[in-house]
Undergrad: 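Take a look at the following structure, please.
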Number of protein chains: 4
Amino acid sequence: MNFSSDNWAGASPKVSAALERIGGGYNPAYGNDDRTQRVSDWFCEIFEREVAVFFVGTGSAANSLALAAMMRPGGLVFCHRQSHINVDECGAPEFFTGGGKLVPLPGAAGKLDAATLARALGRFDPPSVHSGRPVAVSITQSTEAGTVYTPAEIRAIADVAHGAGLQLHMDGARFANALASLNVAAADITWRAGVDVLSFGATKNGCWCAEAVVFFDRSEVGDFEYLRKRSGQLFSKSAFVAAQFEGYFEQGHWLDNAVHANHMAERIGRVVAETPGARLAFPVEANEVFAIWPKETTARLKAAGASFYVWPGDSLADGEGPGADEDMVRLVTSYATRLAEVAAFIDVLQRLRV
Amino acid sequence: MNFSSDNWAGASPKVSAALERIGGGYNPAYGNDDRTQRVSDWFCEIFEREVAVFFVGTGSAANSLALAAMMRPGGLVFCHRQSHINVDECGAPEFFTGGGKLVPLPGAAGKLDAATLARALGRFDPPSVHSGRPVAVSITQSTEAGTVYTPAEIRAIADVAHGAGLQLHMDGARFANALASLNVAAADITWRAGVDVLSFGATKNGCWCAEAVVFFDRSEVGDFEYLRKRSGQLFSKSAFVAAQFEGYFEQGHWLDNAVHANHMAERIGRVVAETPGARLAFPVEANEVFAIWPKETTARLKAAGASFYVWPGDSLADGEGPGADEDMVRLVTSYATRLAEVAAFIDVLQRLRV
Amino acid sequence: MNFSSDNWAGASPKVSAALERIGGGYNPAYGNDDRTQRVSDWFCEIFEREVAVFFVGTGSAANSLALAAMMRPGGLVFCHRQSHINVDECGAPEFFTGGGKLVPLPGAAGKLDAATLARALGRFDPPSVHSGRPVAVSITQSTEAGTVYTPAEIRAIADVAHGAGLQLHMDGARFANALASLNVAAADITWRAGVDVLSFGATKNGCWCAEAVVFFDRSEVGDFEYLRKRSGQLFSKSAFVAAQFEGYFEQGHWLDNAVHANHMAERIGRVVAETPGARLAFPVEANEVFAIWPKETTARLKAAGASFYVWPGDSLADGEGPGADEDMVRLVTSYATRLAEVAAFIDVLQRLRV
Amino acid sequence: MNFSSDNWAGASPKVSAALERIGGGYNPAYGNDDRTQRVSDWFCEIFEREVAVFFVGTGSAANSLALAAMMRPGGLVFCHRQSHINVDECGAPEFFTGGGKLVPLPGAAGKLDAATLARALGRFDPPSVHSGRPVAVSITQSTEAGTVYTPAEIRAIADVAHGAGLQLHMDGARFANALASLNVAAADITWRAGVDVLSFGATKNGCWCAEAVVFFDRSEVGDFEYLRKRSGQLFSKSAFVAAQFEGYFEQGHWLDNAVHANHMAERIGRVVAETPGARLAFPVEANEVFAIWPKETTARLKAAGASFYVWPGDSLADGEGPGADEDMVRLVTSYATRLAEVAAFIDVLQRLRV
């Protein structure tokens, strides 16, 4: 009953096999190998467009480098106040951008909305050297609240951003889960909806270490290769990332993984919603369940062997947070979550009802 | 006949197997797993001392983070003018240290010497706010010239550094090769000789992606965890690095790999030295051979299928660089270099003699 | 009727005279002159304590360097969401601190309060490498809303900050105005109330360019001289700043200037409060008046020759901001504000009443 | 007999008077005043071209910001190894540029030469993500050795720089001295010779605090205003810098000051050259004299009341440095140097001869 995080799972079998397959042998270093080229082509196919792909080591690096590529002196990046870049990356975006500033905004269910963004941008029009200048907006898909932006919601945000001369970044640490949830084309929630640069995460969904920054307009790549190298994110044996992506993309493996994880979360979510005294903090739309329930429920589940995190209640922009005797908890599923684990968890939960 | 770089080789069989072995299953993220603890203990055993070990993604990151841990505002790091940190990391040390400055020094055969260092430090005594202040010395073992510092040479440098209040960093991207060459204990060329922090590289010698920063005095770790996290170098599925190190250390596998690579280089070096018109630019002491020979020799070897790089002649501090019709070339061997490749290469070279 | 800003005024006569007085002649550069020493002693006298004083060029530099001195990797600085460091310094604090992060907090009337701070800090206990770590709190005295912290309010904030291991910085761009308002000793609102480092501003209150960073505990100075030098804030002819401070401190000139400015603001504030349709957004406690009135009032005053800025309404944390047909405006007085200007302004305002 | 530095002198009478003149009164802050506009026009006149002018607080800031404007990730700036930016600014260029790297080059008499530069750039052609990429060249006029680049020498350097896609920066901390020495138009040693951006220093030559960054092509200004603001270099009462420049430029005052300083240096230089046992380390071409003489001479001159610095002998690229019993000393003259001081100094020196 391990629902601590999707990054507690190892590599899924197909990814592991792909890595094993390349084993030894020579590959030109630093991404100049054929496999990397093939994987890049695969990205183009998936996104139905010529894209530029850069492998990096972690999701934080992907996000921070993407923002660094958009940064200018005195630059401001608008994001949800609970976004990973704002609260979980130890200041990496600020560090990589040489002191760029994040402007945190509120938003229901972990989502930024176009109206709030427009209002915030209004403060910077006309621009002033004192206040700094907006350069980018960053959203997370699926969000830190386990919710998912629809194509239309992304489009609305993109329109506000572009209208003010800003670029739109998407943190896709759980991109596959969003895609599986919406059941649309990858292009529909990225460039077709106005996203300029995507952090494409594969680690949480079945790889060991496979993250990529995807530019949807190759002419926007600019200095990215230098940004990546000087931050120590250019792997010499870069082929090992390419190999993971091969396994990940093969026969839709990545979407299978995400569909499974989402399905497991949905099951748990349904039971939480029906459990007296418990409620869902946010709709369950991807592979995360945020439940609010009595502290005693937390204790009993842990005693029964379940592993998960109590989450800070101030993640909720609105007033419906946990009461004094309640916890908000986060339950995360992944490709590795077994139906039996979910069933066991549900069973404990249901027995608490009585 | 691939002598382009030791980072062109994939993962050695034992490393690959170890990675395959852990496969799926849950591991607490971010290095909080048992395997990481076991590997850390292994490091302590190897270095015969309580050390603090931090995994990172690349050698550049290891070096830059180690220097960042030593940095202070206006800080200066003294290094060989041909050191990797000075010429091959795209300014990563300057970036990670928030603008720390490298002071490049000359030195024969890729090695910094204590006297040159002492002279350079003299300029900063007494210290002045204008000139900045020395904070660290960095040396590479084995060096970028394929040579190796003896314990006594390291000790002499450490004494000058410590005497001036500086810390000593060692870039050990090819640490195993140096160790195999000297046939001493790992402690003898690190903390026993005065090294404070080591970039321990395993990638070039058989791993996919396994680099570590090793502090020999745990009380010097300071803010390192935060430095690592905010630079996007803390892997969520950190266990995959630990697994590689397990395979790497098992039954002395890492030293076997290095002994083999060194031996292959030695063979090539011996023949180069005997080839009329060719000469060795530096003594062959690890797994790199720097040869100077006619440009035509380069052409013929490449035509015969050999892969290697022509190297900038100004790597030589002294006057004995390549002449107008000559190249300096670098030939690198690795765990993956087969005796047959070496033999074939030597064969071509010997036939050129006639 | 110039109420645009206190930094629109030139140098007050005594400051000008002091600068004129030193004129030519030789002074050791970079602050090694006797005058700088005398001014430093004067600071010690004013603060009734051995302090360390460093001149810098601007208030933004003073704030940013003070925070840089407190910064650590992944560090967080808590401040009011409308604080100058957060909204008016173009990311200077982030730049000087190498990517330190400001955490903006709400607070009535431009003031941070201890309870809000304590709540915000709770999120970081226990600390985690992901969320970064609190290192400092920064408050502004007098605030950006023209209000003033009492010694007890500062003490309460300091206790929360120190209790969590944080340092307390005070942005004293208008320190003299606060002091004149409270009529207490300088020590009472600084170190005696728990402030660790003060940005002591003199420019707005009668100097050309005289700002200082004051450490109340000399042992906390650390690397400050290097931080200042490498940010281009160490003046070669530093004596010109010392001279200004001499004129500024002479016979209580600085407090006279502040008393006058506050008095002028008070007069305007009183009339605004009595004007039908107009109201004060914040209590008038120093040299700034924030008024909310019909947009038409703004237009009429400007037509009558008054100079001032319309201020963003979202400066108000609470709901009482300007309505759709209203403006919030900022009126700033200074040492240079003449009673006649104020009278003329009041006259126009009162005639609008009818 | 004060020859310590040209920054030991205060403000020259005309500058002081101009500053006194503006005194109080209102000026729009942050450089939006008429006086700043007039001074900018004056710069255009002096340089016979539309230029963009930005005031900053120190020479280090001017240089560092100019280089920051040229910087790109992984960027390299080529400069003389003894240049102020490389050895006397505490890493400010590296800090302002977010970790840009200076590549120090040798050169006789403090001057970079085009051939050395071309050779150094050769190493970076073709460019590689590992080595970083050249973005700019920086030269100092007059140099740190008190010598002066001719227009032709600058042109040659500019051609090499521009040919490789680099910009050319000139550190003009002593620009007036170079101009007075060469007796050419300001344009002849700047944009007409290929300089792109100039740090125009006035502080050493008679101001308190008046430095400017001058862009010769306004379209190259880019983000400079933001770079300046976020580094705390935008003065609120910026008019006080403008006032100094007014006094400085009035009736050629600045050139008069420089002519005088150069003349004083020339006199000292002539006597040094004729003094047995003493010699000039570099030709005296501006307002600095570098003499090599017995340590005893240093002692006697100091005993007689002369003030000057012993200079590090390794400032000399070539072998003619001071011997074991010798000092190299630096004697600097300024607008404030009186003929009587020079005569007294020469007198002591000549009496030592006997």
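In what follows, chains are A, B, ... by sequence order, proteins preceding strands, each numbered from 1.
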Undergrad: Under 6.0 Å between ring centres: does that hold for A/Phe95 and B/Phe95?
TA: yes
Undergrad: Would you check if the side chain of B/Glu94 reaches a backbone N or O of A/Arg230 as a donor-acceptor pair within less than 3.5 Å?
TA: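 Such a contact is absent between B/Glu94 side chain and A/Arg230 backbone.
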Undergrad: Top residue by heavy-atom pair count (under 4.5 Å) with chain A, among B/Ser307, B/Cys90, B/Cys209, B/Ala239?
TA: B/Cys90
Undergrad: Picking from B/Pro28, B/Ala17, B/Gly91, which has the most non-hydrogen pairs under 4.5 angstrom with chain A?
TA: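 That would be B/Pro28.
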Undergrad: A/Thr58 side chain to B/Gln233 main-chain N or O, any donor-acceptor pair under 3.5 Å?
TA: no
Undergrad: Counting only heavy atoms closer than 4.5 Å, note whether B/Ser236 contacts chain A via side chain, backbone, both or neither.
TA: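 B/Ser236 touches chain A through backbone and side-chain heavy atoms alike.
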Undergrad: Let's test your reading of the structure: which of B/Asn27, B/Asp33, B/Val15, B/Asn32 forms the most heavy-atom pairs below 4.5 Å with chain A?
TA: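 Highest number of pairs under 4.5 Å: B/Asn27.
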Undergrad: Tell me, side chain or backbone of A/Ser231 under 4.5 Å from chain B's heavy atoms, or both, or neither?
TA: both
Undergrad: Specify which of B/Glu341, B/Lys204, B/Glu211 makes the most heavy-atom pairs with chain A at under 4.5 Å.
TA: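 Winner by heavy-atom pair count: B/Glu341.
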Undergrad: Taking B/Lys229 for its side chain and A/Glu89 for its backbone only, find out whether a donor-acceptor pair lies under 3.5 Å.
TA: no
Undergrad: May I ask you to test the B/Tyr26-A/Thr337 pair for a side-chain heavy-atom distance under 4.5 Å?
TA: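 Yes - at least one pair of side-chain heavy atoms lies under 4.5 Å apart.
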Undergrad: Flag the one option from A/Ala336, A/Pro13, A/Gly59 with the top tally of heavy-atom pairs under 4.5 Å to chain B.
TA: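 Answer, by heavy-atom pair count under 4.5 Å with chain B: A/Ala336.
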Undergrad: Given that the side chain runs from C-beta out, which part of B/Ser16 has a heavy atom under 4.5 Å from chain A: side chain, backbone, both or neither?
TA: both
Undergrad: Which residue out of B/Ala29, B/Ser238, B/Ser12 racks up the most heavy-atom pairs below 4.5 Å with chain A?
TA: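 Answer, by heavy-atom pair count under 4.5 Å with chain A: B/Ala29.
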Undergrad: So which atom in A/Trp208 and which in B/Ile22 form the shortest heavy-atom distance, rounded to 0.1 Å?
TA: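 The pair with the smallest heavy-atom distance is CH2-CD1, 3.0 Å.
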Undergrad: With chain A as the partner, which of B/Ala9, B/Gly57, B/Ala61, B/Ser60 has the greatest number of non-hydrogen pairs under 4.5 Å?
TA: B/Ala9
Undergrad: By a 4.5 Å heavy-atom criterion (distance strictly below it), what part of A/Leu234 contacts chain B: side chain, backbone, both, or neither?
TA: backbone
Undergrad: Below 4.5 Å from any heavy atom of chain A, which atoms of B/Ser5 appear? Answer side chain, backbone, both or neither.
TA: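 For B/Ser5, neither part sits under 4.5 Å from chain A.
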Undergrad: Evaluate the side-chain proximity of A/Tyr30 to B/Trp8: yes if any heavy-atom separation is below 4.5 Å, no if none is.
TA: no
Undergrad: Could you check whether any side-chain N or O of A/Lys237 sits under 3.5 Å from a backbone N or O of B/Gly10, counting only pairs where one atom can act as donor and the other as acceptor?
TA: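 Yes.
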Undergrad: For B/Ser64, is it the side chain, the backbone, both, or neither that has a heavy atom closer than 4.5 Å to a heavy atom of chain A?
TA: neither
